[in-house]
Amino acid sequence: MPRPHPPHREPPKRPKPPHPGYGPAAPGFGPPTPPPPPPQPYGHPAPPPPQYGHPAPPPYPHQYAQQPTDTPEFMAVDRHNSIVVDSAGVAFEDHGYSAEFPWHEIRSVHYKAGPNGKTLMMAVVHMDGRFYECVVDAKNRDLLGQWFAQLAAILGYYKPLA
């Protein structure tokens, strides 16, 4: 005589562990919302309470936009390379590789025309003696002359003793 099958039972369910990085679930959706603040005088509404732990954006974003600086800057660019001199220091880019030199790390900055008379050659000497150079082609000799005039003023402004 065949044996009767035992009734089907599901395996006991184990509680799932919380998601990694999260603590135990709190009842509800967080702390209770505080009551709204009293109305402001002269009909100005009170700012809304912060939600979900994120800070509220500034009321007038244009007041916090980055203002243009009045400090001089220089930029020379060709198809492959660039030189920038500004309040942060000197930056070179050479065929996609870049190097930035803050003013406090620069011993001196030198520049001259290249052999063809249409190339700006600039060198930065680091405080530890290392030497870095970047070459930018000007479209013509007049542009190179303009770059030299700008560089003399800019470097005199940022590195007057160099």
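Residue numbers count from 1 along this sequence. When reading the values below, keep in mind they use all heavy atoms of this one structure, side chains included, and skip hydrogens, waters and symmetry mates.
In this structure, the side chains of K118 and D137 stay at 4.5 Å or more apart for every pair of heavy atoms. Taking 4.5 Å as the limit, every side-chain heavy atom of L144 sits out of range of all side-chain heavy atoms of Q146. No side-chain heavy atom of D94 sits under 4.5 Å from any side-chain heavy atom of H80. By the 4.5 Å heavy-atom criterion applied to side chains, V84 and E93 are not counted as neighbours. Contact check for P72 versus Y158: side-chain heavy atoms found under the 4.5 Å cut-off. Contact check for V124 versus E105: no side-chain heavy atoms found under the 4.5 Å cut-off. Side-chain contact between V85 and L155 is present, with at least one heavy-atom pair separated by less than 4.5 Å. Counting heavy atoms from C-beta outward, H126 and F131 have side chains that stay 4.5 Å or more apart.
Between the side chain of N116 and the backbone N or O of T119, at least one donor-acceptor pair lies under 3.5 Å. Between the side chain of W103 and the main chain of D86, a donor-acceptor pair closer than 3.5 Å is present.
V135 and F101 fall into different hydrophobic clusters, defined by Ile, Leu, Val, Met, Phe, Trp and Tyr side-chain heavy atoms under 4.5 Å apart, directly or through other members. Residues L143 and L120 fall within the same hydrophobic cluster, defined by Ile, Leu, Val, Met, Phe, Trp and Tyr side chains chained together at heavy-atom separations under 4.5 Å. Note: the hydrophobic cluster containing I106 also contains F74 (ILVMFWY, side chain heavy atoms under 4.5 Å, direct or indirect links). Y157 is connected to W147 through a chain of hydrophobic side-chain contacts under 4.5 Å among Ile, Leu, Val, Met, Phe, Trp and Tyr, so both are in one cluster. Under the 4.5 Å side-chain heavy-atom criterion for ILVMFWY residues, a single connected hydrophobic cluster contains both V109 and I154.
To the nearest 0.5 Å, atom NE2 of residue H95 and atom CG of residue N81 are 5.5 Å apart. Taking CZ of R107 as the start and NE2 of H110 as the end, the distance is 9.5 Å to the nearest 0.5 Å. Going from atom SG of C134 over to atom CD1 of I83 covers 4.5 Å, rounded to the nearest 0.5 Å. Atoms CE and CD, from M121 and E133 in turn, are 4.5 Å apart once rounded to the nearest 0.5 Å.
Ring orientation note: the planes of F148 and Y111 are tilted relative to one another, at an angle of 30° to 60°.
In this structure, F92 has its ring center at least 6.0 angstrom away from the ring center of Y97.
For E100, the CD atom is loosely surrounded, since the number of other residues' heavy atoms within 6.0 Å does not exceed 12.
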